[in-house]
Engineer: 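After the structure tokens below, expect a handful of questions from me.
Per chain, numbering begins at 1; letters A, B, ... match sequence-line order.
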There are 4 protein chains.
Amino acid sequence: MQTEPRGPKFRRRAEARPEEVLDAALALFVEKGFASTRVEDIASRAGLSKGAVYLYFPSKEAILEGLVQRAVVPIAANALGFLSNYTGDPRPVISSVLKMVAHQLTQPGTVAIPKLLIREMIHFPELAAMYRREVLDRVLPVLEQLISNGVAEGHFRPIDPQLTIRSIVGPIVLHMLMAEVFGIVPDEGLAMERLVDNHLAILFDGLSAPQSDRRFMAT
Amino acid sequence: MQTEPRGPKFRRRAEARPEEVLDAALALFVEKGFASTRVEDIASRAGLSKGAVYLYFPSKEAILEGLVQRAVVPIAANALGFLSNYTGDPRPVISSVLKMVAHQLTQPGTVAIPKLLIREMIHFPELAAMYRREVLDRVLPVLEQLISNGVAEGHFRPIDPQLTIRSIVGPIVLHMLMAEVFGIVPDEGLAMERLVDNHLAILFDGLSAPQSDRRFMAT
Amino acid sequence: MQTEPRGPKFRRRAEARPEEVLDAALALFVEKGFASTRVEDIASRAGLSKGAVYLYFPSKEAILEGLVQRAVVPIAANALGFLSNYTGDPRPVISSVLKMVAHQLTQPGTVAIPKLLIREMIHFPELAAMYRREVLDRVLPVLEQLISNGVAEGHFRPIDPQLTIRSIVGPIVLHMLMAEVFGIVPDEGLAMERLVDNHLAILFDGLSAPQSDRRFMAT
Amino acid sequence: MQTEPRGPKFRRRAEARPEEVLDAALALFVEKGFASTRVEDIASRAGLSKGAVYLYFPSKEAILEGLVQRAVVPIAANALGFLSNYTGDPRPVISSVLKMVAHQLTQPGTVAIPKLLIREMIHFPELAAMYRREVLDRVLPVLEQLISNGVAEGHFRPIDPQLTIRSIVGPIVLHMLMAEVFGIVPDEGLAMERLVDNHLAILFDGLSAPQSDRRFMAT
DNA sequence: TATGAATGAGGTTTCATTCAT
DNA sequence: TATGAATGAAACCTCATTCAT
């Protein structure tokens, strides 16, 4: 008659639950958008019941917040260290950073958050603000400093560091955007490596044919 | 007892109603997103009743379609002519095209449609497909050809034309994106002109300090 | 500057307009039901504008009322005369009445109103009441009297006149109903005449084989 | 401050909810018609909230379908067995079938579905088709066979079995129809039993007075 | 902790009716 | 008389959230 309080039947790793919810939510938000994703979808993809989701997150929006939070933490903890206070020719650093970024962008997890923010920013502006504060406002100044140093030390022409960041990173972003939004991919496929190589060549040495040729042509 | 001459209940203005609806919808879709915009909002901003909107568009989605259609038509009608079959040094053309694009992008109407598409593409993929078909698939090949010519005629280094398009346009897109999504604007403000100038300098002649320095450094 | 009041351009037979509206409405109500018929449909089928319909009928419901009214008038004016006060063997009369009714029922116009009433009675019970008052309450008593006379004069068995009316008319109604509602038609087609012949044979002389045979079989 | 024990906001009764919804819907559809019945009406009559109805049925139309389905199932499961392959004088069988049918038709539940179909067939023709397929196409052939046998074995005159079905059942249907649609009821009330008795007398032996009389009259 | 039945606000769409012209 | 642009009420359906169990 009585139900002896036996030890937990299994205690399905209760600790990892919020993470699983976030994983499920991220996948679905990216696939279908925030609004079109039902809480029940998230729950069942995470292997939970709808109600259980609310044990971990007070609302659907909170899941999105949690998503951005989770993406933000490693940035703060990690990185930048090897960029900061760097002196010397910044070109090798930029090369490797660009390649790293390009590689990251092909990992689905990395772009998901910015993609989400681009879409949902209107509905949740605080989120975009948070992402900016925690991620962009930390990374951009470092890059800016790197370029400034490059100019100061004569490695670079005298260009505007802030604007130049756009010239460095913009092509990669556009590349992703064209592929993601419009399905426009170069003949050879996404080809992130080729894009970066092509871009670095232009970035450092310019689009124009070398001086000698130009003088010749000008004749 | 008195018949105060109130404003007429019905205003008869068949004229440009659909245009007005589109204008109102564009503004609201950009401001609040498609889903969060109620048809009634559109109606009242256009000075109509909810029902009247349905005299001109069979559904809310049709309004969005109409919006993209309207943005697409001028592209087909308009230009490219002055780009096609262009021969000679492409650099001046690229300069002016870039300046033109940059100028266009500061006009609210122009960016609105792509911004909308980036957000709503998930929910209405046909729209993005249409925009791609009608706009991008017309413009990109022309640019590609321009660059190919530049390479063939020795004005440019031997670079990949398709990928190079991203190096040319990407920075401007990123500039807009940073401003729009994250509110990140250079210290001097949007400064589209300065951005383009900075970018063109890098684009044509590279980020690196002139050859002389580099030879020196390479030593 | 002034618009001389010229004679009417054409004065498109303004008199017949209500009739045309009723015709259009009847066709559409039967085809699509009352609720699914838009006033604009009626108008355009009648060759009018939506607004013009309201010059003749104050509401959509009034059109339906007009329809029933119009169907009711001829009944009151016409008929019954030749049935009333009939004496002598009623069988020939019933035969010809039944054939007439059957013929009438194949005319689309005649069944339309009862069909409408069967469907819409719930929404407009007064209409059914009116039809009953003006049509059925006039016709049924006459039939009842006819049968009563037949019994009194020894032509018929002693049966209940009111209930017998159902035995006389029911099969024809069911025949129509099966065809109209369920599309169930005998192998030979609607075959109204055959149905009536078959039914009259049963009605007057019974389904059972003649007495002589029955006695034989009973042996 | 006090927590008055109000009725629980949520009642958990997964049991027979769909059945209750169907019951409520049937009652309302019959009373007010399909279109005039709001889903919320159904819900509250079933003791649910509007939204809960959609837990069991994906749409209002699905409720109607469910209604017809539910009416159809017992037919397939049930009877006909005792009719099929019957040999011998069919008259007792017809008598009892007719009495059974008449009895059934006085049960509110039974007529409701056909009544609904007559009304809504225009809007949902598939429903009428389903009812025909599952019910009528099963019952009618059996009746037809029964009559054929009666003719073959000399119990009946040589009549058309398909048409004769109408002569057998029609009066009962008309009786219901007159009562339901026009409120026309014999002086003695619905009197289903009397109707059937009167009809059976006519059906088997005819309306006309017995042979002897007729011979006399014919003289 | 976990479930999932139940709630109810909110928005799109239809269309009878009105009325300025 | 005639038009048809405009109105606005009404109802279906979705889904985030709650809570009895």
Engineer: Taking CZ from A:Phe57 and P from E:dT1, how many angstroms apart are they, rounded to a whole number?
Structural biologist: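 One finds 14 Å between P of E:dT1 and CZ of A:Phe57, rounded.
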Engineer: I need the minimum non-hydrogen distance between D:Arg45 and D:Ala27, along with the two atoms involved.
Structural biologist: NH1-CB, 3.2 Å
Engineer: Quick one: side-chain contact (heavy atoms from CB on, under 4.5 Å) partners of B:Glu65, sequence neighbours excluded?
Structural biologist: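 Once residues adjacent in sequence are excluded, the partners of B:Glu65 under the side-chain contact (heavy atoms from CB on, under 4.5 Å) criterion are B:Glu61, B:Leu127.
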Engineer: Please assess B:Glu134 against B:Gln69 for the test side-chain contact (heavy atoms from CB on, under 4.5 Å), listing each intermediate value before the final yes or no.
Structural biologist: CA-CA 9 Å; B:Glu134 303 294 332; B:Gln69 276 292 355; over 6 Å; no
Engineer: Using the rule given for side-chain contact (heavy atoms from CB on, under 4.5 Å), can you reason through D:Val30 versus D:Glu180, listing the C-alpha separation, both sets of side-chain angles and the distance that settles it, and then say yes or no?
Structural biologist: CA-CA 11 Å; D:Val30 167; D:Glu180 290 284 341; over 6 Å; no
Engineer: Would you check if the side chain of A:Arg119 reaches a backbone N or O of A:Phe29 as a donor-acceptor pair within less than 3.5 Å?
Structural biologist: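 Indeed, once roles are kept as given, a pair shorter than 3.5 Å links the two residues.
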Engineer: For D:Leu28 and F:dC12, what is the distance between atoms CG and P respectively, to the nearest whole Å?
Structural biologist: 12 Å
Engineer: Rounded to the nearest angstrom, tell me the gap between atom CG in D:Leu48 and atom P in E:dA6.
Structural biologist: 6 Å
Engineer: Once you round to the nearest 0.5 Å, how far does CG of A:Leu67 lie from OH of A:Tyr131?
Structural biologist: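 If I round to the nearest 0.5 Å, the distance is 11.5 Å.
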Engineer: For nucleotides 10-16 of chain E, give me one character per nucleotide, 5' to 3': B if any protein heavy atom sits under 4.0 Å from the base, S if the only such contacts are to the sugar-phosphate, - if neither.
Structural biologist: BSSBBSS
Engineer: Quick check on F:dT1: is either OP1 or OP2 less than 4.0 Å from any side-chain nitrogen or oxygen of C:Tyr56?
Structural biologist: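 Checking F:dT1 against C:Tyr56, no side-chain N or O comes under 4.0 Å of OP1 or OP2.
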Engineer: The side chain of A:Ser49 is closest to which nucleotide in this list: F:dA2, F:dT7, E:dA2?
Structural biologist: E:dA2
Engineer: To the closest 0.5 Å, what do you measure between CG (D:Leu26) and CD1 (D:Ile113)?
Structural biologist: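 Here the interatomic distance stands at 5.5 Å.
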Engineer: Is any side-chain N or O of C:Arg17 closer than 4.0 Å to OP1 or OP2 of F:dA2?
Structural biologist: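 So the side chain of C:Arg17 is within the cut-off, an N or O lying under 4.0 Å from OP1 or OP2 of F:dA2.
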Engineer: Just to be sure I understand: a Watson-Crick pair is purine N1 to pyrimidine N3 plus N6-O4 or O6-N4, both under 3.5 Å. Using that and G-U wobbles, which stems of three or more pairs involve DNA chain F?
Structural biologist: E:2-21 with F:2-21
Engineer: Assess whether side-chain contact (heavy atoms from CB on, under 4.5 Å) is satisfied between A:Lys32 and A:Asp41, documenting all intermediate values.
Structural biologist: CA-CA 11 Å; A:Lys32 310 162 42 169; A:Asp41 295 339; 3.1 Å; yes
Engineer: Between D:Leu55 (CG) and F:dT14 (P), how many Å, whole number?
Structural biologist: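 So the two atoms are 11 Å apart, to the nearest Å.
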